[in-house]
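In what follows, a single structure is set out as structure tokens and then discussed.
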Amino acid sequence: MAKNGNDAEIDEGLYSRQLYVLGHDAMKRMQSSNVLISGLRGLGVEIAKNVILGGVKSVTLHDQGVAEWKDLSSQFYLREEDLGKNRAEVSQLRLAELNSYVPVTSFTGALTNEYLTKFQVVVLTNSSLDEQICIGDFCHSNGIKLIVADTRGLFGQLFCDFGEEMTVFDTNGEQPLSAMISMITKDSAGVVTCLDEARHGFESGDFVTFTEVQGMTELNGCDPIEIKTLGPYTFSICDTSSFSDYVRGGIVTQVKMPKKVAFKSLSSSMAEPEFLLTDFAKFDRPGQLHMGFQALHAFEKKHSRLPKPWSQANAAQTGSAKQEQLDQAIIKKLSCMAAGDLAPINAFIGGLAAQEVLKACTGKFMPIMQWLYFDAVECLPEAEDAVLTEEECAPRNCRYDGQIAVFGSKLQELLAKQRYFLVGAGAIGCELLKNFAMMGLASGEGEVIVTDMDTIEKSNLNRQFLFRPWDVTKMKSETAAAAVKLMNPSVRITGHQNRVGSDTEKVYDDEFFESLDGVANALDNVDARMYMDRRCVYYRKPLLESGTLGTKGNVQVVIPFLTESYSSSQDPPEKSIPICTLKNFPNAIEHTLQWARDEFEGLFKQPVENALQYLTDPKFMERTLKLPGAQPLEVVEAVYKSLVTDYPHSWEDCVAWARNHWQCQYNNNIRQLLHNFPPDQLTSSGAPFWSGPKRCPHPLEFSTNNDLHMDYIMAAANLLAQSYGLPGSTERSALTKLLQDIKVPEFIPKSGVKIHVSDQELQSANASIGKRRTVAELEELKAQLPSTEAASQFKLCSIDFEKDDDTNFHMDFIVAASNLRAENYDIPPADRHKSKLIAGKIIPAIATTTAAVVGLVCLELLKIIQGHTKLESYKNGFMNLALPFFAFSEPIAAPNRAGIDWTLWDRFEVKGIQSNGEEMTLRQFLDYFKVILDNEHKLEITMLSQGVSMLYSFFMPAAKLKERLDLP
């Protein structure tokens, strides 16, 4: 077994998405932490699963109890044949499969002080209050970090004690901000003004450093300075009155400063609790639940039924823990469902608790200070007179006893009949399937249909916990369905491998959607989400939508006729980088990485695809000639290069091409740019041309002794060889010898070459160029192209960018190409890890956030299945586990249109085929609507169209109208 530890290398192939959340330093600290998790019921196994996936040094599972029927409602690694066996020992075998780097052991003895000293973090679940206090005091005095987690039905509790002095290295996990400077004043509190291209984003109390400041050089490389924001583009710093005069330029960068936080022990915090709110609408709830949970512990210990238990328990409290007035309703609900054990609540609290374990191990992100209480009592039946009897909630010695204890047996019957469509079997999809199985969704006559067209990759294993290393390359949907069937054999799940979209509407047709009770999205792109949203609106089906981004997560519930749809509101489009910035004036590593991605597509994908189409598609040239502007000539020129001038016949040809392309991009083009705009160039207003966002470049001189130069040649030559079906090479010494014999043509900058400074100028130039490019030029090039009859002679292969294969030279090329261009412009380079994030557009992800988000999704599912009709019963949610921050709100109601009682869910339904089998005529169609609109909505039809054809309008000529009205 591979092991974590101080000297262990981080497996970036496995942890890649999590590394973008935590970073390498935090991951290394985590790999030195031994964690004890006590209590292996549903909550404990959820925490253990997430912590093991995270990659700590070791996890020890502790439990002295045996599996019971009620455990099976949420403990996904216990099976019916495990009843009567120790929960820790049974779970250990299955949890150990999650991560080969994390040794997982079980322990069934007593938790003595001596035993506890083996661990850096201790997690207690399903433990008595006396045990919590005893262990809590010992851990606090011995520098062991403690987390206490508990769930009771629809209620959850979390407590953290990370010692009297804990260092938090990064409180929010956000990338440090930076901005370009336009002015710094000399004053007792110098005022820094940033360029007005974008707001600086800083907050008062932030610390910053400076680089590349001209004039006031005292600021360059200074120690971090605390700032005070004055506006969106200005902030004040230290006393600059004695500094040199500011001239121009400069970059200001935020610095993450460590923060010390102190925790009380559990016993001390019991009397003076500090709460983290999870719902601002319930600001008085945490105190009530704090008292309620303590009272439950006391009564369970005494096994007594006191006449006024909650009043007596409150009377025993002191300080802020004592409530002036008890909320009898919420306390009663807590007591009535205390025996309940729900998978969604365990998923949510378990995700939060596991994230706190990772914070305790790493010092990354701000911990919970110190108590968190959560409830979802809105999941109970809406009717005020709805009371579940003791008989309805009594145990039945079945796997759903923990859920029946909260909702009764009737809901269980409804769950079994549900037919749900799950779109996606990635991280969210796996968690949803696990929760569906534990809840008993589709465990009877119903069915869960899950579709995902992707296969399993190594990087998936860190979050998509239904998959194992031996599942790599298998289909996600089928593998996930099989894994969940092991958790609950009664669940009916069918796996599909289809993409959702217009091309699969014959599969997911009217009959399919009309048979569904609802849809759950587990998608990773907006287009697919919007497509499914449109389908759900059309078929009037509820939709559960969710997503994660690192430690951030959101949940949206869409209910027909009650809420707006997912597409009703959209995020603003992502800001694109101007073309001229990419081509000639980059000022950030993001610009050079995008340029490198464009290079990859423009060298190894698009030209080869065009050449292949020319050789195999007879209509390719016809389509190309119809393109606007200069595009026809550009495409034909690219095909000509691919098949004639740049066509390689050997590895040596590929190396020669790569060397000449290096010279063109990193020397010749830069020299031409500086010829057009010399370093001392002034604008028409007299200001330096190379200032502000424009960084003055310098050309590079190639050297075989420069590793970055050689990396580029090696990657580019191999990629070109792949494109033309030629063998490549990784022999660096042989490559050096080949390069020494290559003669690079001398370059002299030319006058009259136009380089565009703005995108507007570029667009205007392109329009005029299109007019100058003649048909004769095209015809001349076409005549020189090889005959399409010789297609078999060409071995072309278009290359699709794949970021996660470290042997294919794709990221080698991107990193080298980007960092060489960054060197041209004196931009700090990016390592491979950061380059992959930006160029590969990777979405950072971690198992803890996914688990918590899906827990909330499944709470909304319970409301949908019960038929909740009140808008206030449903909750959209947003969380950021790094801060930590939680916000819940009612969904936005479905908006009325045009001032009438008409929403996006409403429509007119017309049976176009009449009872006699004939199609309705246009006159009959208009008459039908005339009755409805006149009588019910006081509206009239003024125009009717289908596609781009107008069928009827009030201004249509009478003769044409008469002709149309009687046509079907």
Side-chain angles (χ1 to χ4, degrees), residues 10 15-33 35 46-47 50-57 120-123 145-149 158-163 165-177 201 203 205-207 254-263 274-278 348-372 374 427 462-463 548-554 833 837 843-853 855 877-887:
I10 297 172
Y15 293 116
S16 63
R17 304 314 187 255
Q18 181 176 292
L19 275 166
Y20 294 118
V21 181
L22 298 178
H24 283 78
D25 291 342
M27 278 290 297
K28 285 189 174 294
R29 289 193 290 270
M30 187 164 65
Q31 289 184 345
S32 301
S33 300
V35 179
E46 183 67 47
I47 298 170
N50 295 323
V51 170
I52 292 167
L53 289 172
V56 296
K57 184 176 183 180
Q120 283 72 50
V121 183
V122 171
V123 182
K145 298 176 174 64
L146 174 73
I147 295 164
V148 178
L158 200 56
F159 170 80
C160 296
D161 171 15
F162 296 164
E165 185 177 88
M166 179 193 179
T167 301
V168 179
F169 298 99
D170 182 354
T171 58
N172 61 17
E174 300 296 330
Q175 288 294 316
L177 301 169
E203 296 179 0
D206 284 349
F207 285 78
Q254 183 185 31
V255 178
K256 296 291 185 78
M257 301 295 288
K259 182 177 182 179
K260 302 285 187 181
V261 290
F263 294 79
E274 183 178 348
F275 300 118
L276 172 70
L277 298 181
T278 59
F348 178 70
I349 297 297
L352 271 56
Q355 186 66 58
E356 295 308 302
V357 172
L358 303 190
K359 293 177 185 179
C361 296
T362 64
K364 181 88 171 184
F365 310 138
M366 181 60 65
I368 288 174
M369 303 293 296
Q370 285 185 253
W371 293 90
L372 176 142
F374 174 81
N462 176 237
R463 306 170 316 286
T548 67
L549 178 64
T551 58
K552 304 182 185 75
N554 68 280
H833 182 68
L837 171 70
I843 300 173
I846 191 167
T848 50
T849 311
T850 307
V853 162
F878 172 81
M879 70 182 76
N880 186 340
L881 301 188
L883 299 179
F885 173 81
F886 305 88

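Throughout, numbering of the chain's residues begins at 1 and tracks the sequence. Basis for what follows: all heavy atoms, side chains included, without hydrogens, waters or symmetry-related copies.
- Annotation: side chain to side chain contact (heavy atoms under 4.5 Å, CB included) contacts of L177 (sequence neighbours excluded): F202, Q254.
- In terms of modelled atom types and a separation under 3.5 Å, the side chain of E356 and the main chain of I368 share a donor-acceptor contact.
- Without hydrogens or angle criteria, T171 side chain to M366 main chain gives no donor-acceptor distance under 3.5 Å.
- Heavy-atom minimum distance, N462 versus Y15: ND2-CD2, 3.5 Å.
- Looking at residues two or more places apart in sequence or on another chain, you find no side chain to side chain donor-acceptor pair (under 3.5 Å) involving K145.
- No donor-acceptor pair under 3.5 Å is formed between the side chain of N172 and the backbone N or O of A882.
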Checklist entry - Checking side chain to side chain contact (heavy atoms under 4.5 Å, CB included) for the pair T362/F169: CA distance, chi angles, key distance, verdict? => result CA-CA 8 Å; T362 64; F169 298 99; over 6 Å; no

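- By the 6.0 Å contact criterion, CD on E174 is enclosed, its count of non-hydrogen atoms from other residues, nucleotides or ligands being greater than 12.
- For D25, the side chain to side chain contact (heavy atoms under 4.5 Å, CB included) partners two or more places apart in sequence, or in a different chain, are R29.
- Using the six-membered ring where Trp is involved, Y20 and H833 have ring planes that are parallel, under 30° apart on the 30 and 60° scheme.
- Using cut-offs of 30° and 60° for the angle between ring planes, the F348 and F886 rings count as perpendicular.
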Checklist entry - L358 and M30: side chain to side chain contact (heavy atoms under 4.5 Å, CB included), yes or no, with the steps? => result CA-CA 7 Å; L358 303 190; M30 187 164 65; 3.2 Å; yes

Next on the checklist: Show, in sequence, the C-alpha distance, side-chain angles and deciding distance for F162 and Q370, and conclude whether the side chain to side chain contact (heavy atoms under 4.5 Å, CB included) test is met.
Outcome noted: CA-CA 9 Å; F162 296 164; Q370 285 185 253; over 6 Å; no

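- Proximity of a side-chain donor or acceptor of Q31 to a complementary backbone N or O of V56 within less than 3.5 Å is not detected.
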